[in-house]
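A short worksheet on the structure shown next.
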Number of protein chains: 2
Amino acid sequence: MKKHQITIFDIAKELNISKSTVSRALTGHPNVNEKTRKQILDLAEKWDYQKNMSAISLITNKSNIIGIMVPEFLSSYFPNIVIAAQKEAALAGYTMIISQSNESYETEVLNAKVMLSSQIDGLIVSITKETLNYDHLKVFQRKGIPIVFFNRVCEEMIVPKVIVDDYDGAYKAVQHLIQTGKKRIAHLAGPNSLSISKKRLNGYIDALKDNNIPIDEDLIISYDLSPNKVKIYVTHLLNLPNPPDAIFAINDPAAIEAIQIIKTHGLKIPEDIAIVGFSGDYASALIEPSLTTVAQPVSEIGKVAIKMLIEQINRNVEDWKAVTTMLKTNLIIRNST
Amino acid sequence: MKKHQITIFDIAKELNISKSTVSRALTGHPNVNEKTRKQILDLAEKWDYQKNMSAISLITNKSNIIGIMVPEFLSSYFPNIVIAAQKEAALAGYTMIISQSNESYETEVLNAKVMLSSQIDGLIVSITKETLNYDHLKVFQRKGIPIVFFNRVCEEMIVPKVIVDDYDGAYKAVQHLIQTGKKRIAHLAGPNSLSISKKRLNGYIDALKDNNIPIDEDLIISYDLSPNKVKIYVTHLLNLPNPPDAIFAINDPAAIEAIQIIKTHGLKIPEDIAIVGFSGDYASALIEPSLTTVAQPVSEIGKVAIKMLIEQINRNVEDWKAVTTMLKTNLIIRNST
DNA sequence: CTGTTAGCGCATTCAT
DNA sequence: ATGAATGCGCTAACAG
């Protein structure tokens, strides 16, 4: 209930010197007698003095806190990005507030409010599958708090973004399936609200076109990324009069779920039906058969996003740049194809 | 660089009323004319006014921020606890600062400092495998900031703790192995610094004893949880003149790694050698063969830890209680045994 | 119901 | 090299 905090006042009183001198010593200001400085620092150490960042934040209008908002924490994808981002932020002296929205737009809006009142200096975001309105994010821009998007970006906002070449990744994945002799390739696509869904879908379509394989709308299923929906759609695909001989899934969780379902149907992977995922999650290497997947440079994504954000933070609002960094994916061929 | 913030002053000026009235309206105080209240709230909404929590924190000496420190984010275990904790904290109006220490004591100490200066109201912690000195955590107690440990607890600190019955979980796991006819059961144990290691080891030993199976020290390998060490030790076990017919691993990542290594040796699981893990990670269900594991109620752990913490926060320091909540584990029998 | 005032802990002028 | 004074945005105690 009652927190006890050591303040500059306490130290000043104990040492019988002025608060300003203590403050100066603590902030590394040069104009302090070396002996008094040592005294102050020693006492601060002894008493576990920690600056009250709320006070400093109030004065400087800086919190040294960066916010990160991710849509979910279920696969290894976002946690890994968070780790990398946190590491990079720490190097620059920033703490992070992490929030995950559980794929809920409402939670995302709520989290954004919390971030705002926490006086964060900047924000990196990957939106939920439900997010169609961006007012809760545009507020940050208006207030002079820079935003950087990663992975799931907002097309209409002109801010820095870190993405991977989704189109290219999808194209390569499908190209690979075709090269292994597959002809009826289904695509378990993501919701249209996400740009990554559209880009991966386009990569899929163009790869088929370039190989003179007709697009069969029945083989393209757009779903909302709910884990429990995968079963329905994969089963549907398998029960088609002319079932697919391969599935390119929007992400690894979907692909992994698909593998499990296909196995219960007694089909052989990849002989009867091949699978490719997207992202290179930890679990993709564990599943049997191991999953061929379009690996994303997750650590790099987190790192670059933070770097770009800090650049923005250090720039004046009028000098903000809105560059988009596109990173390359890497097709990892395993036993599911 | 320059953040623009709407303040109570701005609203007061625009509406030509006093700051206190604005403040009252914004805090839901009753003594405000309904019409002026509406005016104020509308303008606040329109201008995206957000309270400056730094200022409030400075006055109330409360931040409404809870800190969570976890040792790693590699398996699904800690992320899932974080999700549950965050959910529970949000219900009570708390934001969370999450830090993961990458199993490094030094990082943990650093993170603790950050937490301290962020004026958190309370902290839930699971320590790193390296943590032997607890001064950086005791500071919180001294400052009147409550701590709750979960999973990897500090024995010597008298604070609330949330743990699972590690001894019982281990005992049941080994008992199960014995029932399937295994006689030479190895244990891939954790470092002695962690109480969970000791408890799981004791459960293992007692289960053997109770079944009149002699303890073979050669079959007990204590390691530091580094992912790359598992291979060395499992290979060592397999090359023993009298190799084990089962392995009980301290956690699922180790068990999963073991399965992969054993498969490369051409041994059959569970016929030649059975495996049991601990925790019930997401990946345990995916690996082939699927892993028998002592599942922990992760969501419950996170939830209970936050609940206990908030109770402490709302208590005066002198009324702090140090209850330990022990949750039950659940042996999930799959194909690795 | 509304306005005035003090002060939270600290950095930062301005004095000395 | 040090001290005193100001104010960051806000709440709460005090006056009307």
Side-chain angles (χ1 to χ4, degrees), chain A residues 1-41 43-44 47-64 116-121 143-145, chain B residues 1-41 43-44 47-64 116-121 143-145:
Chain A
M1 200 80 195
K2 211 165 77 215
K3 287 189 277 188
H4 254 329
Q5 212 196 334
I6 306 293
T7 68
I8 283 189
F9 177 77
D10 298 320
I11 296 179
K13 204 170 59 177
E14 175 78 10
L15 264 34
N16 199 28
I17 51 180
S18 77
K19 286 185 277 179
S20 358
T21 303
V22 177
S23 173
R24 273 189 276 262
L26 257 19
T27 46
H29 197 96
N31 281 359
V32 179
N33 184 301
E34 269 316 311
K35 238 168 71 183
T36 41
R37 156 173 277 126
K38 190 171 160 21
Q39 264 188 95
I40 294 166
L41 262 34
L43 189 59
W47 281 358
D48 292 314
Y49 169 78
Q50 283 298 135
K51 294 192 192 209
N52 186 328
M53 292 312 279
S54 303
I56 295 177
S57 166
L58 195 56
I59 297 170
T60 59
N61 204 18
K62 267 213 76 183
S63 60
N64 280 310
L116 217 44
S117 45
S118 298
Q119 306 299 116
I120 56 167
D121 293 336
K143 296 204 183 252
I145 301 168
Chain B
M1 202 76 196
K2 210 165 76 216
K3 287 189 276 189
H4 254 329
Q5 211 195 336
I6 307 293
T7 69
I8 283 189
F9 177 79
D10 298 320
I11 296 180
K13 203 170 61 177
E14 175 78 10
L15 264 33
N16 199 29
I17 51 179
S18 78
K19 284 186 277 179
S20 5
T21 303
V22 177
S23 173
R24 272 190 277 264
L26 257 20
T27 47
H29 196 95
N31 282 356
V32 180
N33 183 300
E34 270 315 311
K35 238 167 74 183
T36 40
R37 158 173 277 126
K38 191 171 160 21
Q39 263 189 96
I40 293 166
L41 261 33
L43 188 59
W47 281 359
D48 292 312
Y49 169 78
Q50 285 298 134
K51 295 193 191 208
N52 186 327
M53 291 312 280
S54 302
I56 295 178
S57 166
L58 194 55
I59 296 169
T60 59
N61 204 18
K62 267 213 75 184
S63 60
N64 280 311
L116 217 44
S117 45
S118 299
Q119 307 299 114
I120 56 168
D121 293 335
K143 294 202 184 252
I145 301 168

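Just so you know, these numbers come straight off a predicted model, no measurement behind them. In what follows, chains carry the letters A, B, and so on, assigned in the order in which the sequence lines appear, proteins first and then strands, with residues in each chain numbered from 1.
Rounded to whole Å, atom C1' of D:dG9 lies 9 Å from atom CD of A:Q119. The distance between atom CG of B:N16 and atom C1' of C:dG3, rounded to the nearest whole Å, is 12 Å. Per the geometry, CD1 belonging to A:I11 stands 13 Å off P belonging to C:dG9, to the nearest Å. In this structure, the CG atom of B:L26 is 12 Å from the C1' atom of D:dT11, given to the nearest Å. Taking atom CD1 on A:I6 and atom P on C:dC8, their separation rounds to 16 Å, with Å as the unit. One atom, CD1 of B:I56, and another, C1' of D:dA12, lie 13 Å apart when rounded to the nearest Å. Atom CG of B:L58 is separated from atom C1' of D:dC8 by 9 Å (rounded to the nearest Å). What separates CZ of B:F9 from P of D:dT11 is a distance of 16 Å, to the nearest Å.
At distances below 3.5 Å, not a single donor-acceptor pair connects side-chain atoms of B:S23 with backbone N or O atoms of B:K19.
At a threshold of 4.0 angstrom between heavy atoms, the contacts of A:T27 are confined to the sugar-phosphate backbone, with no base atom among them.
Side-chain N/O atoms of A:S20 and base N/O atoms of D:dA4 include a donor-acceptor pair closer than 3.5 Å.
Looking at heavy atoms from C-beta onward, B:V22 lies out of side-chain contact with B:L15 at the 4.5 angstrom threshold. Proximity of B:K51 to B:T27: side-chain heavy atoms (C-beta onward) are separated by under 4.5 Å at one or more points. Residues B:I145 and B:L116 are in side-chain contact: their nearest non-hydrogen atoms beyond the backbone lie under 4.5 Å apart.
Taking 4.0 angstrom as the limit, B:Y49 places none of its side-chain polar atoms (N or O) nearer than this to OP1 or OP2 of D:dG9. The phosphate of D:dA1 has OP1 or OP2 within less than 4.0 Å of a side-chain N or O from A:N31. Residue A:K19 places no side-chain N or O under 4.0 Å from the OP1 or OP2 atom of D:dT2. At the phosphate of D:dC10, neither OP1 nor OP2 sits under 4.0 Å from any side-chain N or O atom of B:S23. For D:dG3, one of the phosphate oxygens OP1 or OP2 lies less than 4.0 angstrom from a side-chain nitrogen or oxygen of A:T21. Contact between the side-chain N/O atoms of B:T36 and the OP1/OP2 oxygens of C:dT2 is found at a separation under 4.0 Å.
Nearest to the side chain of B:V32, among C:dC10, C:dT2, C:dA11, sits C:dT2. Comparing D:dT11, C:dG9, C:dA11 by their nearest atom to the side chain of A:Q5 picks out C:dG9. Distance from the side chain of B:S18 is smallest for C:dT2 among the nucleotides D:dG3, D:dT11, C:dT2.
Residues B:W47 and B:I6 approach most closely at O-CG1, 3.5 Å, considering heavy atoms. Taking both residues in full, the closest heavy atoms of B:R24 and B:R37 are given as O-NH2, 4.3 Å, listed atom of the first, atom of the second, then distance.
Summary of the strand contacts: B:R24 and B:I59 both lie near DNA chain D, and taking for each the nucleotide with the nearest heavy atom, the more 5' one is attributed to B:I59. In this structure, A:A55 and B:T60 both approach DNA chain D, and ranking their closest nucleotides by distance from the 5' end singles out A:A55. Nearer to the 5' terminus of DNA chain C, by closest-nucleotide assignment, is the contact made by B:N33 (compared with the other of B:N33 and A:K51).
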